[in-house]
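In what follows, chains are A, B, ... by sequence order, proteins preceding strands, each numbered from 1.
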Protein chains: 2
Amino acid sequence: MNNLTDYPRPSVAVDTAVLTVDPGSGFVVLQVRRAQGRGWALPGTFLHEGEILADAVERSLADKANIRGLSPRQLHVFDALGRDDRGWVLSVAHVAVVPPEQLASRFAETTRLVPVHAPGRLIYDHADIVRLAVDEVRARYAAMPDPDGLLGAEFTLRDLRLVHEAVAGHDLQRDTFRRAMEPHIVATGATTAGGRGRPAELFRRRPARDTTR
Amino acid sequence: MNNLTDYPRPSVAVDTAVLTVDPGSGFVVLQVRRAQGRGWALPGTFLHEGEILADAVERSLADKANIRGLSPRQLHVFDALGRDDRGWVLSVAHVAVVPPEQLASRFAETTRLVPVHAPGRLIYDHADIVRLAVDEVRARYAAMPDPDGLLGAEFTLRDLRLVHEAVAGHDLQRDTFRRAMEPHIVATGATTAGGRGRPAELFRRRPARDTTR
DNA sequence: CTAATAGTGTCTCTCAGACACTATCCG
DNA sequence: CGGATAGTGTCTGAGAGACACTATTAG
């Protein structure tokens with residue numbers, strides 16, 4: 001019978017592409033400096049005993065970058081035998097999107113934010129993880145208004161469009177974008193003031209109702 | 001430093017939803033009888049030392065169901081702490097689609113094929129795996145003609161439509177379906193003979209070219 | 001007033017869905 | 001010929017993309 005102790009077990013790691021939209025640099029990924037070696041990597045850690053993957057992701061980000069409160073999603077398990085020179089290690093890649101304010105308190109010396117289209121040289125298969133993460137988030141943002149909450153609860157359509165343009169990596173048409181998002185948002189009644197042109201309406205996300213009517 | 005031996009490691013398992021289209025029962029999932037207990041489960045196994053996940057999937061299917069030659073794709077890692085009563089086990093769920101002929105040689109006594117819409121009672125979270133697998137395959141089949149090769153290299157549009165209807169779980173309109181698939185297939189020039197009505201053209205899958213023109 | 005931004009009317013093109021017609025086999 | 005199946009013309013409605021118009025603010 002299958003006794004759990006019959007076989008050696010792999011180490012299981014998590015690696016996370018933490019993405020945000022930076023007003024200056026657009027859609028960026030968080031990288032951490034490697035502890036012993038030189039070079040940059042995605043934050044990751046080994047899974048501890050009795051820990052679930054999401055908790056390992058949160059712990060790795062608290063420890064390595066001083067970031068808290070994420071909602072990581074799984075992407076893929078990387079299991080190539082030679083991928084990690086420390087031995088037999090499976091890595092479960094994750095993606096997490098956070099508003100830029102939440103990265104303000106990150107370790108300045110050992111972390112950096114790099115545009116996703118030119119993430120630099122990364123160890124192991126971390127460049128693949130960034131690609132998977134970016135594709136996943138782009139697909140989500142194409143379908144819904146700011147599903148990962150890069151903006152607060154209320155926003156103008158201009159703010160929303162700028163965030164979506166940063167994620168998509170290209171400009172979006174103002175009127176088409178508005179009509180695509182309108183089924184998924186509700187006007188609050190309030191408007192902005194103090195801006196240059198006509199004041200803009202404020203919207204909230206529609207509470208995940210049926211969108212087909 | 002992170003020494004790989006510092007922490008206890010989880011057992012890693014794979015569980016696979018093997019799906020096919022059965023002429024009689026439609027879209028079905030392969031289940032295996034549990035060895036020691038009663039009840040049915042998806043075929044799975046523990047990952048052996050130095051083995052990659054895809055190989056573990058193939059081994060589990062050869063051993064438990066006498067099936068070979070799959071192309072499993074990863075779906076999700078199930079990591080809930082209490083999910084397996086044998087201890088700390090992560091399970092990497094997979095999906096594999098095979099043509100029905102390839103299941104002809106399966107163990108008759110210990111396996112069965114059950115329609116995906118009523119998979120019966122399954123252990124652990126295997127019902128969730130079936131749901132994920134079905135959703136993944138339906139999404140792939142909605143976009144491309146038989147991407148997983150349930151049919152052979154050549155087929156009529158009727159054959160193709162019947163397979164897609166079985167996967168989708170509902171009827172598809174003949175003319176609309178044809179126009180949706182035509183950009184992704186090439187006529188061979190040959191036609192069927194011996195059928196009841198007008199002979200049908202035979203097609204092949206288009207060799208993964210750019211579909212936008 | 002002009003510049004700037006927000007919101008919307010409307011035209012066109014494409015495409016899915018639907019219906020119906022023609023085409024070609026068997027018997 | 002009739003019955004069955006394959007292939008296609010065509011209409012309609014929905015929706016994306018694009019352009020341009022109106023609306024409302026600051027200065």
Rounded distance (Å) that lies between atom [atom2] of [N] and atom [atom1] of [X]:
X        : N      : atom1 : atom2 : answer
A:Leu160 : C:dT5  : CG    : P     : 18 Å
B:Glu182 : C:dC15 : CD    : C1'   : 14 Å
B:Asp171 : C:dG17 : CG    : C1'   : 15 Å
B:Arg178 : D:dA6  : CZ    : C1'   : 7 Å
B:Leu172 : D:dA6  : CG    : P     : 15 Å
B:Met181 : D:dA6  : CE    : P     : 16 Å
A:Arg161 : C:dG7  : CZ    : P     : 11 Å
B:Phe177 : C:dC15 : CZ    : P     : 18 Å

B:Trp40 six-ring face occupied by B:Arg112 cation (under 6.0 Å, within 45°) |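 Yes - B:Arg112 lies over the ring of B:Trp40, closer than 6.0 Å to its centre and within 45° of its axis.
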
Answer yes or no: does a side-chain N or O of A:Arg158 lie under 4.0 Å from OP1 or OP2 of C:dA6?
-> yes

Candidate pair A:Arg161 and A:Asp171, rule salt bridge (charged side-chain N to carboxylate O under 4.0 Å, His left out), full reasoning = CA-CA 9 Å; A:Arg161 181 169 48 86; A:Asp171 287 357; over 6 Å; no

What N/O pairs connect the protein and nucleotides 23-27 of chain C at under 3.5 Å? Give each pair on its own line.
| unit_1 | atom_1 | unit_2 | atom_2 | d |
| --- | --- | --- | --- | --- |
| C:dA23 | O4' | B:Arg198 | NH1 | 3.3 |
| C:dA23 | N3 | B:Arg198 | NH1 | 3.3 |
| C:dT24 | O2 | B:Arg198 | N | 3.3 |
| C:dC25 | O2 | B:Arg196 | O | 3.1 |
| C:dC26 | O4' | B:Arg196 | O | 3.3 |

Table of protein N/O atoms under 3.5 Å from nucleotides 11-17 of chain D N/O atoms:
none

Minimum heavy-atom separation for A:Asp22 to A:Val28, with atom names?
->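 Of all heavy-atom pairs spanning A:Asp22 and A:Val28, the closest is CB-CG2, 4.1 Å.
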
Are B:Glu136 and B:Arg73 close enough, and set up right, to give a salt bridge (charged side-chain N to carboxylate O under 4.0 Å, His left out), and what steps lead you there?
-> CA-CA 10 Å; B:Glu136 201 258 6; B:Arg73 291 185 297 277; 3.1 Å; yes

When you check the side-chain N and O atoms of A:Thr156 and A:Asp159, is any donor under 3.5 Å from an acceptor?
-> yes

Can you tell me if A:Thr111 and A:Arg106 form a side-chain donor-acceptor pair at under 3.5 Å?
-> yes

Could you walk me through whether B:Thr45 and B:Arg59 pass the side chain to side chain donor-acceptor pair (under 3.5 Å) test, one step at a time?
-> CA-CA 8 Å; B:Thr45 186; B:Arg59 177 171 53 77; 3.1 Å; yes

Got a second to check how far A:Leu157's CG is from A:Glu182's CD, nearest 0.5 Å?
-> 7.0 Å

Nearest to the side chain of B:Arg174, which nucleotide is it out of D:dT8, D:dT5, C:dG7?
-> D:dT8

Begin with the C-alpha distance, continue with both residues' side-chain angles, and end with the deciding distance and a verdict on salt bridge (charged side-chain N to carboxylate O under 4.0 Å, His left out) for B:Arg131 and B:Asp128.
-> CA-CA 5 Å; B:Arg131 262 191 297 277; B:Asp128 296 322; 2.5 Å; yes

